[in-house]
Amino acid sequence: QRHYTTVVVIMPADPQDATNKYKQTEAQLEAIESEIRETQSLTSEKLPTTALLTLFEKDSNHAKGVEYLAKHYRDVRRVRGDGNCYYRALLYGMCEHLLVRREERERITALIQNSID
């Protein structure tokens with residue numbers, strides 16, 4: 001026994017109308033992205049790890065996780081969630097780590113210089 005699915009695609013009668021709607025949508029998305037860029041920084045200042053408790057005050061499991069993190073990490077930074085946030089957080093953390101640990105910075109610098117030759 002075969003099952004068929006009917007798909008109805010509604011296209012505007014005027015192709016120019018579809019183009020205009022696409023341009024309006026793109027402009028709206030750009031306006032939203034622009035507003036986010038203007039109102040949200042890429043990273044925050046350092047915050048005490050316990051500042052995360054305000055996010056999870058109604059969720060005891062997450063609050064326990066924050067308490068665990070607070071025992072092992074003094075500070076956190078918030079990072080704008082925009083699709084590149086993972087990479088930004090990772091690189092920002094690595095750079096901060098290298099700025100305060102001279103031996104590690106020298107080791108990484110030597111690795112980079114040797115890879116160029």
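Reckoned from all heavy atoms, side chains included, excluding hydrogens, waters and symmetry mates. Given the structure is predicted, the values throughout are model-derived calculations rather than measurements.
- Salt-bridge annotation for Glu96 and Arg77: present, with a side-chain N of the basic residue lying under 4.0 Å from a carboxylate O of the acidic one.
- The OG1 atom of Thr49 lies 11.5 Å from the NE2 atom of His72; values are rounded to the nearest 0.5 Å.
- Not one N or O on the side chain of Arg78 forms a donor-acceptor pair closer than 3.5 Å with the backbone of Ser44.
- The distance from atom NZ of Lys71 to atom CD of Glu67, rounded to the nearest 0.5 Å, is 7.0 Å.
- With a 6.0 Å radius and a threshold of 12 heavy atoms from other residues, nucleotides or ligands, Glu26 has its CD atom above the threshold.
- Residue Leu69 holds its CG atom at 12.5 Å from CG of Asp75, rounded to the nearest 0.5 Å.
- Note: Asn20 CG to Thr25 OG1 = 10.5 Å, rounded to the nearest 0.5 Å.
- Side-chain contact between Glu57 and Leu53 is absent, with no heavy-atom pair separated by less than 4.5 Å.
- Considering every non-hydrogen atom in both Thr50 and Val66, the closest pair reads CA-CG1, 4.5 Å.
- The two residues Pro48 and Val76 make their nearest non-hydrogen contact at O-CG2, 4.1 Å.
- Separation of atoms SG (Cys95) and CZ (Arg105) is listed at 11.5 Å; rounding is to 0.5 Å.
- In this structure, a donor-acceptor pair under 3.5 Å is present between the side chains of Glu38 and Ser34.
- No side-chain donor-acceptor contact under 3.5 Å links Thr43 to the backbone of Val79.
- Ile108 is not connected to Met94 by any chain of hydrophobic side-chain contacts under 4.5 Å among Ile, Leu, Val, Met, Phe, Trp and Tyr, and they are in different clusters.
- Around CZ of Phe56, the count of heavy atoms belonging to other residues, nucleotides or ligands within 6.0 Å exceeds 12.
- In this structure, the separation between CG on Asp14 and OG1 on Thr19 is 8.5 Å, given to the nearest 0.5 Å.
- In this structure, Arg37 pairs ionically with Glu30, as a charged nitrogen and a carboxylate oxygen lie closer than 4.0 Å.
- Using a 4.0 Å cut-off between a side-chain N of Lys or Arg and a carboxylate O of Asp or Glu, Glu103 and Arg107 do not qualify as a salt bridge.
- Between Leu47 and Ala51, the closest heavy-atom pair is CB-CB, 4.3 Å.
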Donor-acceptor pairs under 3.5 Å, side chain of residues 82-89 to any protein atom, not counting sequence neighbours: which ones?
{"residue": "Asp82", "atom": "OD1", "partner": "Asn84", "partner atom": "N", "Å": "3.0"}
{"residue": "Asp82", "atom": "OD1", "partner": "Cys85", "partner atom": "N", "Å": "3.4"}
{"residue": "Asp82", "atom": "OD1", "partner": "Arg88", "partner atom": "NH1", "Å": "3.4"}
{"residue": "Asp82", "atom": "OD1", "partner": "Arg88", "partner atom": "NH2", "Å": "3.4"}
{"residue": "Asp82", "atom": "OD2", "partner": "Arg88", "partner atom": "NH2", "Å": "2.9"}
{"residue": "Arg88", "atom": "NH1", "partner": "Arg80", "partner atom": "O", "Å": "3.2"}

